[in-house]
Peer 1: 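Handing you this structure, nothing more for now.
Labels below follow one simple rule: chain letters A, B, ... track the order of the sequence lines, proteins then strands, and each chain is numbered from 1.
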There are 2 protein chains.
Amino acid sequence: MTSEYIAGSVNTNPVVVRRLLALLREAGFVTSQPGNGGGWELAVNPEKLTLEKVRQAVQEESPFSMHSRQPNQRCPVGKKIQGVLGPLYVRAEKAMEGELAKTTVQSLLSAVQVAEK
Amino acid sequence: MTSEYIAGSVNTNPVVVRRLLALLREAGFVTSQPGNGGGWELAVNPEKLTLEKVRQAVQEESPFSMHSRQPNQRCPVGKKIQGVLGPLYVRAEKAMEGELAKTTVQSLLSAVQVAEK
DNA sequence: CTTATTTGTAATAGTGTTGGTTACAGATGG
DNA sequence: CCATCTGTAACCAACACTATTACAAATAAG
């Protein structure tokens with residue numbers, strides 16, 4: 001499909017679509033073909049492509065992040081809080097990722113098709 | 001503690017602290033006292049206060065959200081995708097929340113104190 | 001009563017991120 | 001050679017978030 005076609009479906013601009021798909025291409029999930037008759041194509045088995053993989057490809061930063069400003073190191077809490085929070089963030093993140101890893105692009109497609117009937 | 005004291009620890013402006021604490025106060029987790037000798041105080045048992053409760057009080061919007069622009073309803077996928085994605089988002093969110101609910105403010109405090117030794 | 005202290009809140013400015021848009025070079029097939 | 005696509009840079013608008021200033025209102029202490 002072309003980026004313009006997809007943009008029409010998602011209701012946005014073709015360039016926005018290309019930018020996003022470029023990330024998925026870097027991850028090896030889709031391929032693109034310039035020129036006449038070109039466009040974008042899925043490059044992997046949709047049953048193997050989980051939403052977690054897609055998420056990782058599209059947004060590299062983790063959902064949780066530390067404060068932008070360094071806490072005061074002279075405060076007994078500020079001094080240690082990041083070391084305590086870090087592992088917790090990792091666990092919460094993993095829990096979310098585990099759930100997203102359960103769903104594949106294929107299962108999404110099937111769900112859409114069922115809903116369509 | 002006063003908002004100015006806390007701001008010194010978190011390395012930010014007192015007003016920022018007050019705005020955040022005001023959300024926690026609305027949730028009933030802390031109380032505030034204006035005037036001389038006033039400040040902020042924890043109002044609940046720190047063993048009962050989970051980070052998930054805090055998260056809910058501080059940021060009401062869910063981590064996942066639908067596209068800002070409505071997908072094209074004439075597209076067979078666009079027409080149904082939100083109904084398919086919705087429940088999935090709920091599951092991923094619940095998984096994350098479940099993890100955050102396992103940690104209490106008290107356990108954070110203990111962890112900080114242990115790390116301090 | 002006066003003064004110092006502290007919250008409550010509005011107003012404003014700066015900053016960064018995101019999405020949208022335009023523009024155009026380069027690739028490709030007919 | 002032309003129509004069609006991608007690739008990408010450049011730019012703007014919208015939005016959110018943080019920080020900051022300013023000041024009214026509450027409160028305790030003297």
Peer 1: Indicate whether the side chain of A:Thr12 and that of B:Arg69 have a donor and an acceptor atom separated by less than 3.5 Å.
Peer 2: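 The criterion, which ignores hydrogens and geometry beyond distance, is not satisfied for B:Arg69 and A:Thr12.
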Peer 1: Which side-chain N or O atoms in residues 26-34 of chain A pair as donor and acceptor under 3.5 Å with protein atoms at least two apart or in another chain?
Peer 2:
unit_1, atom_1, unit_2, atom_2, d
A:Ser32, OG, A:Arg25, NH1, 2.9

Peer 1: For residues A:Ser65 and A:Glu61, is any side-chain donor paired with an opposing acceptor at under 3.5 Å?
Peer 2: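 No.
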Peer 1: Nearest-Å distance, CG (A:Asn36) to P (C:dG29)?
Peer 2: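 Rounding to the nearest Å, CG of A:Asn36 and P of C:dG29 are 8 Å apart.
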Peer 1: Using a 4.0 Å heavy-atom cut-off, write out nucleotides 7-16 of chain D from 5' to 3' as B (base contacted by protein), S (sugar-phosphate only) or - (no contact).
Peer 2: BBBB------
Peer 1: CE of B:Met1 versus C1' of C:dT5: gap in Å, rounded?
Peer 2: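 Distance check: B:Met1 CE to C:dT5 C1' gives 16 Å.
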Peer 1: Quick check on contacts: within residues 2-10 of chain A, what sits under 4.0 Å from DNA chain C by heavy-atom distance?
Peer 2: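 Correct list: empty, so none.
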Peer 1: Side-chain heavy atoms nearer than 4.5 Å, only ILVMFWY residues, links allowed to pass through others: does that put A:Val16 and A:Met1 together?
Peer 2: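 As far as the 4.5 Å side-chain criterion goes, A:Met1 and A:Val16 are not connected within one cluster.
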Peer 1: B:Leu20 has an atom CG; how far is it from atom P of D:dT20, in whole Å?
Peer 2: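 Atom-to-atom, B:Leu20 to D:dT20, this comes out as 15 Å.
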Peer 1: Using a 3.5 Å distance criterion without hydrogens, assess whether the side chain of B:Asn11 forms a donor-acceptor pair with backbone atoms of A:Pro71.
Peer 2: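 No.
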Peer 1: Return the set of residues passing side-chain contact (heavy atoms from CB on, under 4.5 Å) with A:Asn72 (not counting sequence neighbours), or none when no residue passes.
Peer 2: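 A:Asn72 satisfies side-chain contact (heavy atoms from CB on, under 4.5 Å) with A:Arg74, A:Cys75 once adjacent residues are dropped.
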Peer 1: Using whole Å, report how far CG of B:Leu21 lies from P of C:dT7.
Peer 2: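 From B:Leu21 CG to C:dT7 P: 9 Å.
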Peer 1: Is the phosphate of D:dT20, meaning OP1 or OP2, less than 4.0 Å from a side-chain N or O of B:Asn13?
Peer 2: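 For B:Asn13, the contact criterion (side-chain N or O under 4.0 Å from OP1 or OP2 of D:dT20) is met.
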Peer 1: Which sits closer to the 5' end of DNA chain C, B:Arg69 or B:Gly35, going by the nucleotide each is nearest to?
Peer 2: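 Per heavy-atom nearest nucleotide, the more 5' residue is B:Gly35.
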Peer 1: Does anything in residues 50-100 of chain B form a ring pair (Phe, Tyr, Trp, His ring centres under 6.0 Å)? List the pairs, not counting sequence neighbours.
Peer 2: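 For residues 50-100 of chain B, and leaving out neighbouring residues, the ring pair (Phe, Tyr, Trp, His ring centres under 6.0 Å) pairs sorted by first residue read B:Phe64-B:Tyr89.
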Peer 1: Taking only residues two or more places apart in sequence or in another chain, which ones pass side-chain contact (heavy atoms from CB on, under 4.5 Å) with A:Ala101?
Peer 2: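 Applying side-chain contact (heavy atoms from CB on, under 4.5 Å) to A:Ala101 gives A:Glu52.
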